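The next block holds one structure in the form of structure tokens; read it before the comments.
Worth knowing before you read on, the calculation uses all heavy atoms, side chains too, and leaves out hydrogens, waters and symmetry mates. Convention: sequence-line order gives letters A, B, ...; per-chain numbering from 1. Since this is a predicted model, take the numbers as computed values, not measurements.
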Amino acid sequence: MAPPFAAAAVSSHPSLFSPSTSRPAIRRHLPPSSISVRPRRCPPAASAAAAEPAGKLLLEVHGLTASVKETGQQILKGVDLTIREGEVHAIMGKNGSGKSTLTKVLVGHPHYEVTGGTIMFKGENLIDMEPEERSLAGLFMSFQAPIEIPGVSNYDFLLMALNARREKDGLPALGPLEFYSVVSQKVEALKMEPKILDRNVNEGFSGGERKRNEILQLSVVGADLALLDEIDSGLDVDALEDVAHAVNGLLTPQNSVLMITHYQRLLDLIKPSYVHIMESGKIVKTGDSSLASHINEGGFKSIASFV
Amino acid sequence: MSPPSLCAAACSTPLRAAPPPLLRFRRPASSSVSVSAARAAAPSVSDDLVLRIAEQLEDSAASSPLLDPLRSASALSLLSTPWPTRRSNEAFRFTDISYLRSLPISLPTQTPGLAPPPSPDAESHIIFSDGLLVSASGAHVAALADMPPGVARDRAAAALAASAQFSHRDIFYDFNAVGASDVAVVYVPEGAKMAGDPVHIMFGYSGSDGASMMMSNPRVLVIAEKGAEVAIVEEHFGTGEGDGGCYWANPVVDIIVEEGARVVHSYVQRQSSAAAHTKWTTVQQNTSSTYEFVEVSTGGRLNRHNLHIQQLGPETVTELSTFHLTSQNKQIHDLHSRLILDHPRGYSRQLHKLIACGSGNGIFDGNIQVNRYAQQTDAGQQTKCLLLSPKAVVNVKPNLQIIADDVKCTHGAAISGDLDPNELFYFQARGVDVKTATDALLFSFGAQVINRILFKPVEQKALAQLKELLTLSRQSN
């Protein structure tokens, strides 16, 4: 486990999303001459070039296959993916190619069953861990369609999530009053209405409010690796900028983001070091952000011919 | 067979000596004729237990000219009403009320107990102690016996007399009518708005030694005149030592909502674990009136609530939310609600929620009648039940009877043994383990209804109690 570099006021958990005002808002990455992702059909030239100094290994997925538990339908058909500290990855791909399933499988969604392959997160086998253990280990997924939880206030929910983390770190639980100053800053940073905290989790939230609320949770509990599943869908341009700004503000050289998106717009705001193309349950191509602009112009067809 | 011998044979319990009970039902001269007539016509219908209790109640209540018409009507009705059983009475088909027969009935003395009355949370308040009206103070609040002659008193008297004609009554309604010694009256005159300043009605029950079940019959009448707005908060609780003892609370609340008036009604029942609680709430809603009701029932060994709402004019708004929690073994919670719509453009929403733990039993019979002239009615009803143990039982019977042909009516019933896995996963994905998430979700299941109580002190109390009961039931599991 990484040493606690960010001695945060609230969570001493080594995570990005604790107070981050003094950090550079946007980091530029080295051009991805070092390809740390190895799709099966990866051109040999790319892996040969992997000689650059790289961050510590964070997530390592090998030959991951997974299917829907109820029907047995296979969705992931051998995913390989490596993410190191401080990297920003983007996955693009057609609808139904398995992007969302990949993130859900990573966080242990009960709907899916892993049928093969390995997932190592910070040197630990993720597959053996309960979803809450994965979260406490530093993995965060923003839901594409967050569900409503009637009767549970957003404030209480955030406090429970934070206290679960604090308990794991051996810190005393925060009381509702102490928590207020912590959370109100984060709400402000996301340009959200303070009364969003009094409302029930996602109940009656607009699409944009739900997305912002996911990022609010991320900023409160923190994560070493944030999996952001289409945080740009349903957001208007201003809202997208707010969310992207928040995510950028939360990034540090030690933690990483894996985002799923269909649109260049998000990638302009949160600069990826790597872009992966997913197709039929596999990562078929990896490149730098130029890959994304290529898709933006010519669609996925152009990539197929490119490959 | 002569009446005295019939009764002598039946009333051989030590509680009751001669004279025979039937002869004691002789309040107005006219009714004594009807009594004997009824007896002669159908002697087999007369139920000894019912008569015994009625007689005890009649003995205890002092005569009051304003209450007497209602009392005699109920006394008469009791003569021919048998004790309801699951087999004989559809309204009690799923509700086992044999607990009420487990001990003889005793009645509170006319002087209230020595226990100091609980301090009310609101300026306007009514306090009952073992069914006896101890204090009624604040704006528009009075004891019927103390009301000066005038409009308010006349209206109250008329309403009570009209209650004598209430056709959906059962023995509990009648017991209350016979046994209520006084009536607390909330009379809100035309146009008066006091929804922000609720009338807090506290019903404390102390129970008795354990050899008998102390029965109390508090009664409240609420009249909101044209355009008036009022909030009332009912709290029923045990005041005895420890858990509060064994008693039988049999309260009745009658509410009249006149044209354009609004009544916001909260009702919290947290009786002792050995208590029986049989409750009637009747509501009459006139044109364009609004009635909002929130119930939270967690206490009592046996709890039965009859909620009866009658529409008297078009464009009424009715919102009903109830939450029942059976947290102890063999606890019974029963809601029988009936909403009768006879006029156009009524709007109603009903939400009933129930958590059954241990070997608890929950019953819900939600009847909505949309009659011929109730066109363009918009009625919605939903019930959600959670069964947390294999021995828990719920009997749910949501039913819509629709005769009008241009209406929008929906109802839904969901009974589940598990929480929504997607909700649990959302918590887990944020690092919260299943146990903590379950606690939070169960709490929120009830809180969703409790949060609708607009009177903060009572809402907070109910939330704290819910938390406590869920913790206890988890430990016992």
Side-chain angles (χ1 to χ4, degrees), chain A residues 11 13 15 69 103-104 106-112 129-143 145-154 156-169 173 198-203 213-214 216-218 220-223 227 229, chain B residues 294 296 321-325 349 351-355 382-386 412 414 416 418-454 456 459-460 462-467 469-471:
Chain A
S11 159
H13 188 71
S15 66
K69 208 175 255 176
T103 60
K104 285 182 185 169
L106 289 178
V107 294
H109 195 289
H111 192 56
Y112 301 99
M129 292 160 81
E130 291 296 324
E132 66 267 27
E133 293 170 329
R134 301 184 194 202
S135 167
L136 294 175
L139 199 57
F140 179 98
M141 178 183 75
S142 77
F143 286 77
I147 58 158
E148 295 184 4
I149 305 188
V152 178
S153 85
N154 222 8
D156 292 345
F157 184 77
L158 287 165
L159 182 57
M160 282 175 79
L162 179 60
N163 278 337
R165 202 142 306 233
R166 288 175 64 88
E167 189 186 339
K168 193 218 166 200
D169 296 340
D198 299 329
R199 293 167 63 185
N200 290 333
V201 178
N202 295 325
E203 199 178 46
N213 201 39
E214 292 292 295
L216 175 65
Q217 292 172 19
L218 172 61
V220 168
V221 301
L227 311 170
D229 190 357
Chain B
V294 183
V296 180
S321 323
T322 43
F323 171 63
H324 287 186
L325 169 67
R349 286 291 175 270
L351 172 66
H352 174 258
K353 296 186 111 180
L354 170 87
I355 298 179
Q382 206 180 21
T383 172
K384 290 183 178 176
C385 303
L386 268 180
S416 165
D418 284 308
L419 292 162
D420 182 347
N422 290 316
E423 292 184 3
L424 281 175
F425 180 69
Y426 199 69
F427 277 89
Q428 286 181 282
R430 299 298 174 252
V432 180
D433 62 77
V434 175
K435 182 185 162 294
T436 313
T438 303
D439 287 347
L441 285 171
L442 288 180
F443 178 74
S444 75
F445 185 88
Q448 215 194 348
V449 169
I450 298 175
N451 287 339
R452 297 183 185 185
I453 298 176
L454 297 178
K456 278 287 159 199
E459 183 210 6
Q460 293 305 318
L463 287 174
Q465 211 227 353
L466 170 63
K467 194 165 261 177
L469 288 174
L470 287 174
T471 312

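Minimum heavy-atom separation, B:Arg430 to A:Glu214: NH2-OE1, 2.7 Å. What you find for B:Gly431 and A:Ala164 is that their closest heavy atoms are O-CB, 3.2 Å. Residues B:Ala447 and A:Gly151 share a closest heavy-atom pair of CB-O, 4.4 Å.
You'll find the side chain of B:Phe425 reaches within 4.5 Å of the side chain of A:Val107, heavy atoms only. In this structure, the side chains of B:Glu423 and A:Pro150 come closer than 4.5 Å at one or more pairs of heavy atoms.
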Should B:Asn422 and A:His109 be marked as a side chain to side chain contact (heavy atoms under 4.5 Å, CB included) after you check the CA-CA gap, both sets of side-chain angles, and the distance that decides it? CA-CA 9 Å; B:Asn422 290 316; A:His109 195 289; 4.3 Å; yes
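Heavy atoms of A:Phe143 lying under 4.5 Å from chain B belong to its backbone as well as its side chain. Both the backbone and the side chain of B:Phe427 have a heavy atom closer than 4.5 Å to some heavy atom of chain A. Only the backbone of A:Glu148 comes within less than 4.5 Å of a heavy atom of chain B; no side-chain atom from C-beta onward does.
Atom OG in B:Ser444 sits 8.0 Å away from atom CG in A:Asn200 (nearest 0.5 Å).
Note: A:Pro131 leads A:Ser153, A:Ala161, A:Pro131, A:Pro146 in heavy-atom pairs under 4.5 Å with chain B.
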